[in-house]
Participant: 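Dropping a structure here in structure tokens format, bear with me for questions.
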Amino acid sequence: MSRTRALTLIVLSLLGIFAAYHYNRSTMATTPKLIPTSALAKNGAIVVGSGLAGLSAASQLIAANIPVRLLERNAKPGGNSIKASSGINGAPTPFQPGPPDTEFYADTVKSTGHAMSTAREHREKLIGTLTNSSASAVTWLTTTHGIDLSKVAQLGGHSRARTHRGAGGTPPGFAIVSTLLKSLKASPLFELKTSCTVNRLLLSGASITGVEYTCSSPEAESTTSELHGPVIVTTGGFAGDDTGLLATHRPDLANFPSTNDPAPGSTHLLTSVGAQLLDMSSVQVHPTGFVDPATPLSPLKFLAAEVLRGEGGILLHDGERFFNELDTREKVTAAILKNDPVEEKPKQWDVLLVLDEGVYEAAKSHIDFYIFKGLVRKTTIGDLGDKALATISEYADVVAGKHEDKLGRTAFADWELLEPKADSIVYVGRVTPVVHFTMGGVVISEKAEVLDAQGVPIEGVWAAGEVTGGVHGGNRLGGSSLLECVVFGRNAGERVVEYIKNEGK
Ligand SMILES: Cc1cc2nc3c(=O)[nH]c(=O)nc-3n(C[C@H](O)[C@H](O)[C@H](O)COP(=O)(O)OP(=O)(O)OC[C@H]3O[C@@H](n4cnc5c(N)ncnc54)[C@H](O)[C@@H]3O)c2cc1C
């Protein structure tokens, strides 16, 4: 070899090493370390629905370098998850005050109510998975994704403060959904298709092998196509499906207002391939949806976040407190429904949510927003009448420790008005029960496998989030829905990673 040729080879190989080093460095953050080779791994997974359950599943897959195609029927991603305003449960976490919280499992079992008398063992496994994974779910959001969840409140039905949200003004649903979406969109392995509705799952023998979906666009004719790969169904609940699933399973709730936009439920995708349904008649009617004075008869209501009662707020009917505001939603709602509705279409009750300056300061970002929307007004106790003044004075004495609450409330958080007078400032809004959340859905295992009538996993499909049933039984604890999305969404993602790595075995 001539000297010139040898020198050229040395320079070329040095350039090669230099280029490879720089290529690896510049692509390390965004591209997979391992390029999958099998067809299954190359196509990756299909996720249906872009709420928190879908985004959690997708994040888990992308973290393992598996491509994800996420199909969403709405023009914008985020589902109902983006509206979540109170927070996500976790226990024990470093953000919780006091000694380590070991009561989450027991509180959840208690909250499920009579549901525990059927399929007890199955439910215990789901609740165990939910609550035992709750601390790591919060850590995943805060440490891995950098989301602020440092403020913790005690919501109705919880024996401890364990519902986490950010200390700033951003509502938790928006903070979590937007952060996960941003991170997913940064990956070249992630593809989001909006305005695309999945019509059915594709079945080959006993296995799910993909989906058929239709995309619509205002400019072009809609197109129907297929995608192939394992499927994770995260299509949310049916609280907004008042003429469909809700009318079938709870006709008595037909005229109630709701916090969910009207849209059909999607459990049929799974029942048509053998999935079973559980708890379909267990529908959560949230005790406090705001009645907007500008549009009092609108069927779509804005949720009066649980945190308002959690931070110390009280409920008055005809000037009097009537129930422990921190009891479960089911029980608070039942207490309101004992009275006659004041409107029939939609069916509405006349309940006042009352907050003092302490509650206002603790939940300022929420309350300022409600004031801005015209749902809450700042006024004086005198404006609410003498009965209300007497009631608030009695509550203030309870908060001050002068006597026990006759309704059994023991936590008062940030309520600080201890000597109420007619001219004391309060914040008030009219609230009424609203259809809010559907506990029922398809039966899954703790690994998010979709189970058939024999309790056997249907191959090639997983499900998580509000589309599933069994985790909450008869009543969901506030903050546990976002949690189920993260826990079972990530479980589904992990199983699909295994499934793909084992080439479908
Ligand atoms: C106002 C409000 C406040 C809430 N606050 C809290 C809270 O503070 N804490 C808490 O834990 N929970 C809260 N919840 C409940 C919680 O937000 C939801 O139950 C949960 O986020 C559901 O998440 P998901 O991913 O299962 O479904 P969703 O977030 O509803 O997402 C499902 C997605 O699937 C899409 N989809 C449906 N069918 C199809 C189909 N066939 N093809 C393609 N896409 C489809 C839908 O368009 C939707 O975008 C609140 C709910 C509401 C309405």
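As the structure lists them, so they are numbered: ligands from 1, and atoms in each ligand from 1.
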Participant: Do S266 and V233 come within less than 4.5 Å of each other through their side chains, counting heavy atoms only?
Facilitator: no

Participant: Ring centroids only, cut at 6.0 angstrom: are F302 and F290 within range, meaning strictly under it?
Facilitator: no

Participant: Between atom CG of L227 and atom CD of E212, what is the distance when rounded to the nearest 0.5 Å?
Facilitator: 11.0 Å

Participant: Heavy-atom contacts with ligand 1 below 4.0 Å: which residues, ordered by chain and residue number?
Facilitator: V48, G49, S50, G51, L52, A53, L71, E72, R73, N74, G78, G79, N80, S81, K83, A84, S85, S86, G87, C196, T197, V198, T234, T235, G236, T259, N260, S266, L269, L303, H436, F437, G465, E466, R476, G479, S480, S481, L482, C485

Participant: Does Y105 OH have over 12 foreign heavy atoms under 6.0 Å away?
Facilitator: yes

Participant: Look at atom NZ of K331 and say whether more than 12 heavy atoms of other residues, nucleotides or ligands are closer to it than 6.0 Å.
Facilitator: no

Participant: Would E306 and R329 pass as an ion pair if we require N to O under 4.0 Å?
Facilitator: yes

